[in-house]
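Lettering of chains follows the sequences in order, A, B, ..., and the numbering in each one begins at 1. Worth saying up front: this structure is predicted, and the values here are computed from it rather than measured.
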Protein chains: 2
Amino acid sequence: MSDITIVDIAKQAGVSIKTVSRVINREEGVGPATRARVEDLIEKLGYRPNVSARSLSSRRSYLIGVVFMRVGAYHYVGEVQVGAMRACRRAGYHMVIEQVDDPGQARGPGLEQALKAGRFDGLVLTPPVCDDPEILAIIEAQGLSYVRVAPDRDFGRSPYVFMDDQQAAHDMTARLWDLGHRRIGFIDGPADHGSARRRREGYMTAMAERGARVRPEWIAPGDFMPLSGLEAGDQLLGLPEPPTAIFAANDSMAMGVLSAASKRGLSVPGDLSVVGFDDGPLAESSWPGLTTVHQPIAEMAEAATEMLIEGFGDPRFRSRTAARQLDYHIVERGSSTSR
Amino acid sequence: MSDITIVDIAKQAGVSIKTVSRVINREEGVGPATRARVEDLIEKLGYRPNVSARSLSSRRSYLIGVVFMRVGAYHYVGEVQVGAMRACRRAGYHMVIEQVDDPGQARGPGLEQALKAGRFDGLVLTPPVCDDPEILAIIEAQGLSYVRVAPDRDFGRSPYVFMDDQQAAHDMTARLWDLGHRRIGFIDGPADHGSARRRREGYMTAMAERGARVRPEWIAPGDFMPLSGLEAGDQLLGLPEPPTAIFAANDSMAMGVLSAASKRGLSVPGDLSVVGFDDGPLAESSWPGLTTVHQPIAEMAEAATEMLIEGFGDPRFRSRTAARQLDYHIVERGSSTSR
DNA sequence: AACGGCATAGACAACGTTGTCGTATCGTGG
DNA sequence: CCACGATACGACAACGTTGTCTATGCCGTT
């Protein structure tokens with residue numbers, strides 16, 4: 001156990017504990033010589049301030065909560081954690097993760113209690129938690145700062161980080177077009193899902209810009225799960241004039257399309273190009289590898305955490321509707337090729 | 001912000017703060033009437049003890065660190081977190097996650113600093129961190145309690161939780177045998193990976209018990225990645241007398257085998273049965289669904305966290321070589337059938 | 001009646017840091 | 001040479017809890 005305290009450092013340096021405190025916190029009012037002496041001692045003894053004492057006194061916990069819901073892909077949450085962790089480390093914060101299993105649980109012993117315990121200097125919220133009005137209300141009632149990652153609405157409610165799903169889908173569609181594909185199918189996501197909607201619109205816009213008439217039967221419904229991709233793919237490939245390329249609104253459904261193709265004995269990308277959206281682990285591990293849009297999830301979480309930390313001390317933080325946009329990019333793998 | 005403190009409760013209840021403290025901590029020495037009155041008041045005012053003050057005074061942080069390395073599957077880490085979170089919630093602990101990106105980083109600003117800050121009542125270590133001697137040394141130097149999940153060696157070094165990989169692989173092999181398969185291929189994992197070795201041994205034992213001679217070419221090398229599964233599958237299916245069933249040492253490689261089969265125009269499970277190990281998200285999302293061994297990852301992490309929390313206060317905790325074994329089960333999906 | 005023991009409760013000092021305010025010391029301008 | 005402001009530092013009281021020690025009341029026993 002790290003038994004040395006600020007008092008030990010102060011004694012050995014021949015200064016008061018307050019001076020040591022000043023050095024630790026990079027406050028001014030310490031002469032260069034004194035500062036150096038104290039810093040050396042801290043280094044030498046391997047002293048680390050006790051975080052509990054620190055937060056008790058300063059009313060800051062140096063703790064950031066990352067709130068998420070366990071839906072579908074572990075991948076998303078995992079990437080968020082990686083990014084948030086990077087930012088936390090840099091700023092000397094720790095990261096506590098808080099899981100909300102279902103909206104009802106928010107008021108149970110879970111989230112609310114955790115928030116009330118007086119921890120957390122701020123929160124990073126990920127979808128779909130960041131769009132849950134009940135949870136937002138609880139958080140705001142506690143007076144906590146928070147930043148949202150890829151929120152779907154209430155953009156003015158807090159700072160947030162996002163990427164342009166629509167433009168990304170547009171680019172991907174344009175890419176297929178440039179490869180010579182003209183009959184391009186699209187597999188939609190859940191109806192109430194904002195990202196899914198934006199992706200569909202990107203597809204539609206790109207097609208329209210190129211003077212292509214999107215036939216209604218080219219757009220098949222899906223729910224982001226692989227099985228729905230299989231069914232939708234089956235449906236599209238069963239058309240009298242089937243598409244030569246299929247753009248699924250996420251990777252999982254694209255995987256389903258690969259299965260559908262294999263069921264019909266079609267080779268990918270020879271007979272059919274398939275592209276997805278997300279660049280999750282599935283995209284790499286499928287065969288052939290999936291051409292898809294890379295979402296910078298870790299980077300978005302990192303940026304969000306950064307914004308949060310920078311905003312501490314600013315009382316008007318919550319109303320500052322800062323937003324940061326990050327870039328996607330298209331990852332070319334084996335599942336798409338020119339016609 | 002939760003501005004009410006133990007003092008407010010004490011005043012309103014007409015008792016001393018110490019008595020309130022006793023109620024909170026379920027200590028004895030409080031009369032039933034007093035206890036009830038205090039409890040009501042706590043409930044009514046929504047009071048939650050300030051964790052910083054608590055840990056400063058009690059030298060307990062009510063914080064548990066989950067240490068992991070970001071390798072391969074998000075799924076594993078995700079499940080670990082789910083399980084550990086359950087145990088933490090029950091016991092009123094919070095969960096801080098600490099990522100070790102590579103062994104070298106352990107001594108960098110990352111893990112060691114985090115540990116020194118005097119946080120963490122204990123740690124839960126997951127593979128492969130739990131087998132890293134350097135990291136274990138750092139942790140032990142801090143005098144921290146820890147429990148390992150599925151360690152691969154040094155079993156006497158700390159309490160741990162595990163499942164019987166060998167028996168599971170044995171059962172799975174027996175199952176294929178009972179379905180009528182006689183030529184059963186096996187795709188191995190990385191050479192230095194303990195679980196992989198145990199799974200192979202389970203397969204070998206089961207075959208041997210049934211009097212089957214395992215031809216060397218039935219065992220193909222792999223590295224737990226899907227591509228290696230594809231190659232190994234290709235190799236096995238290219239044999240003059242190809243196996244009728246392939247058992248891959250993990251799900252990712254089993255996915256590769258599915259691709260290999262589809263490349264050769266073989267239908268699964270009609271022409272070939274394929275089974276895996278892990279029951280990760282791939283197993284559900286593949287087509288056909290993968291028959292596989294379900295590893296109770298979340299449950300193992302939960303048990304480990306429980307052991308950790310129960311062990312607090314026991315100074316000889318680390319040397320208590322308690323171990324808890326959890327059960328696997330086989331999940332039947334569409335990728336295997338009788339011959 | 002006196003006493004010991006138990007159940008219940010409170011007073012007070014930690015815990016290790018930061019915030020507030022006070023005080024030397026020093027250089028500088030008048 | 002003095003007044004004065006800046007600079008560098010320290011004393012001391014928070015912060016909200018728990019740990020330790022002590023006090024009170026009540027019961028049963030002798």
Side-chain angles (χ1 to χ4, degrees), chain A residues 1-39 41-42 45-63 92 94 116-119 121 312-313, chain B residues 1-39 41-42 45-63 92-94 116-121 312-313:
Chain A
M1 222 68 71
S2 195
D3 280 317
I4 56 171
T5 73
I6 200 173
V7 180
D8 301 314
I9 304 290
K11 271 204 190 111
Q12 296 211 34
V15 298
S16 76
I17 56 170
K18 182 63 221 195
T19 298
V20 179
S21 170
R22 275 190 265 258
V23 171
I24 296 166
N25 296 291
R26 293 178 174 66
E27 291 170 26
E28 45 187 22
V30 182
T34 314
R35 185 178 295 270
R37 188 153 35 98
V38 171
E39 274 169 351
L41 225 39
I42 288 178
L45 301 183
Y47 162 73
R48 303 285 163 202
N50 177 308
V51 195
S52 300
R54 230 179 165 180
S55 36
L56 178 59
S57 187
S58 66
R59 281 130 179 292
R60 275 193 171 205
S61 67
Y62 298 91
L63 240 40
H94 286 256
K116 271 213 176 146
R119 294 188 104 112
D121 290 343
F312 292 149
Chain B
M1 222 68 69
S2 195
D3 279 318
I4 55 172
T5 74
I6 200 173
V7 180
D8 302 315
I9 304 289
K11 272 205 189 110
Q12 295 210 34
V15 298
S16 75
I17 57 170
K18 182 66 223 193
T19 299
V20 179
S21 170
R22 275 189 264 260
V23 172
I24 296 166
N25 296 291
R26 290 176 176 68
E27 292 170 26
E28 43 188 25
V30 181
T34 313
R35 184 178 295 271
R37 188 152 35 96
V38 171
E39 274 169 351
L41 225 38
I42 288 177
L45 300 183
Y47 162 74
R48 304 286 163 202
N50 176 308
V51 195
S52 300
R54 233 179 162 178
S55 36
L56 178 60
S57 186
S58 66
R59 280 127 179 294
R60 276 192 169 205
S61 66
Y62 298 91
L63 240 38
Y93 279 73
H94 286 256
K116 270 212 177 147
R119 298 189 101 112
F120 299 132
D121 290 343
F312 293 149

inquiry  = Tell me whether the side-chain N/O atoms of Ser57(B) come closer than 4.0 Å to OP1 or OP2 in dT18(D).
reply    = no

note = Out of dT18(D), dG10(D), dG16(D), minimum distance to the side chain of Leu56(A) belongs to dG16(D)

ask   = Tell me: NZ of Lys18(A) to P of dC21(C), nearest whole Å?
value = 12 Å

Side-chain N or O of Thr34(B) closer than 4.0 Å to phosphate OP1/OP2 of dA9(C) = yes

Which nucleotide in dC15(C), dC9(D), dC15(D) has an atom nearest any side-chain atom of Arg22(A) = dC9(D)

query = Can you name the closest pair of heavy atoms from Thr5(A) and Tyr47(A) and give their distance?
reply = C-CE1, 3.6 Å

request  = Specify whether Tyr62(B) and Tyr93(B) have parallel, tilted or perpendicular ring planes, treating 30° as the upper limit for parallel and 60° as the lower limit for perpendicular.
outcome  = tilted

inquiry  = For a quick test of reading the model: is some side-chain N or O of Ser58(A) closer than 4.0 Å to OP1 or OP2 of dT17(C)?
reply    = no

request  = Would you please confirm or rule out a distance under 4.0 Å between OP1 or OP2 of dT17(D) and any side-chain N or O of Tyr62(B)?
outcome  = no

request  = Kindly point out which of dG16(D), dT18(C), dA11(C) is positioned nearest to the side chain of Asn50(B)?
outcome  = dG16(D)

task = Determine: side-chain N/O of Thr19(A) to OP1/OP2 of dG10(D), distance under 4.0 Å, yes or no.
result = yes

request  = Ignoring backbone atoms, establish whether Arg59(A) has a side-chain N or O less than 4.0 Å from OP1 or OP2 of dA14(D).
outcome  = no

